[in-house]
Amino acid sequence: MPYIPHTAEEIQKMLRTIGVNSTDDLFSDIAEEIRLKRALNLPRGLSEKETWDKINGLASKNKHMGKHICFLGAGAYQHYCPKAVKHILSRSEFYTAYTPYQPEISQGTLQTIFEYQTMICELTGMDAANASHYDGATALAEGVSLAIDVTKRKHVLISSLVHPEYRQTVATYLEGKNITLDQIPYQDGLTSKKELEQRMNKNTAAVVMQTPNFFGAIEELSYAAQVAQQTGALLIVCVDPISLGILEAPGNLQADVVVGEGQSLGLPLNFGGPYLGFMAVKNKYVRRLPGRIVGKTQDRLGNEGYVLTLQAREQHIRRERASSNICSNQALCALGAAVYLSLMGPEGIREVGRQCIQKGIYTKKLLSKIPGIKIPFPATTFKEFIVETTEEPQRINEHLWKAGIMGGLDVSGFYPELKNHILLCVTEMRTREDIEKLASVWGDMS
Amino acid sequence: MIPKDLLYTEEHEWLRLQENKVIIGITDFAQKELGDVVFVDLPEVNLVLEANDVLGGVESVKAVSDIYAPCPGRIAAVNEALTDTPDLINEDPYGEGWIVELEIEEAPKNLLSAAEYEEFLNKGE
Amino acid sequence: MEQIIFEKSVPGRGEKYLPQLDVPEEDYNISEKREVPPTLPQISELDCMRHYTRLSHLNYGVDTGFYPLGSCTMKYNPKINEEVANLPGFTDIHPYQGEETVQGALQLMSELQSYLKDIAGMDGVTLQPAAGAQGELTGLLLIKAYHQAKGEERRDKIIVPDTSHGTNPASAALCGLKIIQIPSDDKGTVDIEALKQAVGHDTAALMLTNPNTLGLFEENITEIADIVHDAGGLLYYDGANMNAIMGYARPGDMGFDVVHFNLHKTFAAPHGGGGPGAGPVGVKDFLSPFLPVPIIRFDSSKEKYYFDYNRPQSIGRVKAFYGQFSVLVKAYTYMVRMGWDGLKKASEIAVLNANYLMQLLSASYYQPFRGPCKHEFVLSPKNLKSLGIHTLDIAKRLMDYGFHPPTIYFPLIVEEAIMIEPTETESKETLDTFSEALKMIATEAQENPEVLKTAPHSTPVGRLDEVMAARKQILRWLTS
């Protein structure tokens, strides 16, 4: 049997040591009536070669973005990742380790998380970060819970331009907490300032903004911070970290909690996961941070080292009074992001952002020349933007796909009022040639 | 070490009653069980509490102990010194390590005397 | 120890990975622009590789040595799983691609759903939850939605035994449910009388791990199920210990209504130094309408797999997209390789290994509960307490013998608990060597207790001061 080293003789020896005749005797405590009396309804095991062939066959049924030109984003992005990142992630000292509960033999994981926490703090302008969440959506949900916990208030204002699946996740997490989740409508592709102001009240725990928002537009955070502060609500900002070489750190714009999806930082598309949720806070909320946190300390001889710290917040000690139930996190994804950021450096991160913005501008310019295409929202965008068409998005995407182009997202599924609106994504991966091909193939339709 | 002039609860809190106020801390036994205190979660001054409400908590590295209000009241003062030096609870649990001062209307009921608390501890062992 | 990467940074150093911008540069207007760049390392690729490679040497993984963490199932992570998950047909597909372009991925997920259903005896499965704890949250939200749909909102109590994992009560609290903890009986299993006292009109569910965290199978499981069901409550199965029973017994046949799986434990996906894991949830038919959206289905008329979002009673979604896809790929690959025969063998040998090791240690360590155990067992070295030796000292000393320590101080009901789960992938020699080390340590405790109290002696750092870490709170590097 695969991955089981025992010979028949060894099994006999072991049974003799235990003092039983067969392994069946070791299952005598499972009553006859609940025993499974048939084989599991799975195929019989395969050799490694057959396994490889079967699963490689499934993989090759998928049309992957390495072979097509991808203009699809909406929370999952194709960016360039230095090849070295994968080599670090494939070191089994990292990926076959458990959570670093025994620090003396886990300094590798612990130090990389400490470095990752520092990088997240640097990018976001915050004081402390935790060791990761499942994804951007759950990091946001936990950020909102933190604000409710801190303020003891029951009303949460969330921009309607926060990723729709994140908003759905927040709603699920708030079930049972008796909280009103109030959506701030948008205006001209940005969160409406007027609506934000009008909806604020003394019971508002948090204002939640995403920048760049779901339509790719860059929101004005200092305004939201000012409105939130007037009634003592927390400002929670959900941000794409790859934009933070260009956009001001939310921490410098008075954000209280910064969360986001770190997939942009060198993680593959992976059909939606595993990704990397991150959360960073100002000092006064450090004890409210959910999940694992690494801190620096010393051993008895004065050697520096790292440990999981502030563990009394966590479920394995506080049980039903813990700030969250999170246990497993995305440590390996956090390591990937740390290696990516180390290799790209401050200059690399700025350059990715610059190319995203410029390529977006160029794409918008080319597309807006096509009859029937409009750019409906004037705001500056980062790597995504909305295009309004006279054609059905599905028809356009079918047409583009014939030329090997994966078109954008039909947003009417999330925003029914936006019929014939497509969210396009242009990262540094797209060459001028790709962009011009998009415009020419699209233009051919009319 | 169980001072005679204090009253106790089965949650290992000590209370010093003074007219309409009560000062609350945790006992020497409690601090030893917890080990080195690393953080004390203090309530906001003026917070109004019902009996048995959790008013704060004392944390060590691997454990946490909640502090309960012995009776209804209002937080009149908290021991700010614990914010920077939580180990005062280990060093001087009945003195410098006091936690809060609660303003009360009626004295809490069902408290243990020093002798009763000692008996309670012995029974537990 | 390794210097921190920021201290290796030299301004102006570092590789460039991107080509020159190939479109005309335009002016744009951003009011909140970054003026001060983030302090990130500026380092050559070689120095970066050395940094992380050296850090990896300070770690200990399953590929390094024996890792008998109880309730964590640290079995071997087969390399084919890693290779498969790195195929571009899996890594380079976008979650919003049209369904017709990802049929291979959907087929994989659909088959994984059916395998999991059969292993657990359930009727429906969601692959969305990202980890065991999120699986618990999902399962409890399903239970809550079910009671609500029946007009029984008053059912807001979750019963857990005192041996339960910490995530159980934490997850219950997260969805607004209250906890009733019941004691275990002197055999280490659920105290039936206490359970009878605890159930009632307000019972939402009982959460149970079976075998429990002492490694004992709940022999009265059908009676337990009847008690809870008769009171109108449901049964939740924490799948952390599924490795003990695959192909032998199924939670669904024991009376459980909801199950979560830990693909990173039972199904050989790696733990990643803390994650990512995956925590799919299985349910009986009557709970299926409440599962998160979307569910993967097969349309036999069109011969096509598709996402089913049309589920009006769904609890919603618990994360973005569909789950930890590449972890699902690894677990699926493992199941295909093992097959029904291999999975049953894995449980058989996991249980054999645990009983064998328990027997080897029976003379030197106190065993609070006598076997047979299932996939794990608990020791209590309280006989060494009089020498001033605690479980922590034994755990740390094991590192000097080249082993990762077992889970310690859990479950909470056992004094000085040491919880050992060897898994089926460990050979007899490994178990023999490990037991020799533990026996040696028991002798050292008598003859030279100091060597235990100051252990470990051979690791990159000694015991670290956790009190200092919690008090000083240095949670990030700062320029000095």
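In what follows, chains carry the letters A, B, and so on, assigned in the order in which the sequence lines appear, proteins first and then strands, with residues in each chain numbered from 1. It should be emphasised that the depicted structure is a prediction, and the values quoted were computed from it without experimental measurement.
Heavy atoms closer than 4.5 Å to chain C are found in the side chain of A:L335, but not in its backbone. If you measure heavy-atom distances from C:Q324 to chain A, the contacts under 4.5 Å come from both the backbone and the side chain. Within the 4.5 angstrom heavy-atom criterion, atoms from both the backbone and the side chain of A:T172 approach chain C. For A:I349, the part lying under 4.5 angstrom from a heavy atom of chain C is the side chain only. Both the backbone and the side chain of A:A74 come within contact range of chain C, with heavy atoms under 4.5 Å apart. Contact of C:H264 with chain A is made through the side chain alone, with heavy-atom distances under 4.5 Å. The parts of A:S222 that come within reach of chain C are both its backbone and its side chain, each placing non-hydrogen atoms under 4.5 angstrom from that chain. Of the atoms belonging to C:M399, it is side-chain heavy atoms, and not backbone ones, that fall under 4.5 Å from chain A.
Between chain C and the options A:T297, A:I361, A:N56, the largest number of non-hydrogen pairs under 4.5 Å is found for A:T297. Comparing C:G61, C:P37, C:G277, C:P456 by how many heavy-atom pairs each has under 4.5 Å with chain A, the most go to C:G61.
Using a cut-off of 4.0 Å between Lys/Arg side-chain N and Asp/Glu carboxylate O, A:E10 and A:K13 are scored as not salt-bridged.
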Between C:Q107 and A:K61, does a side chain to side chain donor-acceptor pair (under 3.5 Å) hold up when you go through it step by step?
CA-CA 10 Å; C:Q107 184 182 339; A:K61 281 191 194 171; 2.7 Å; yes

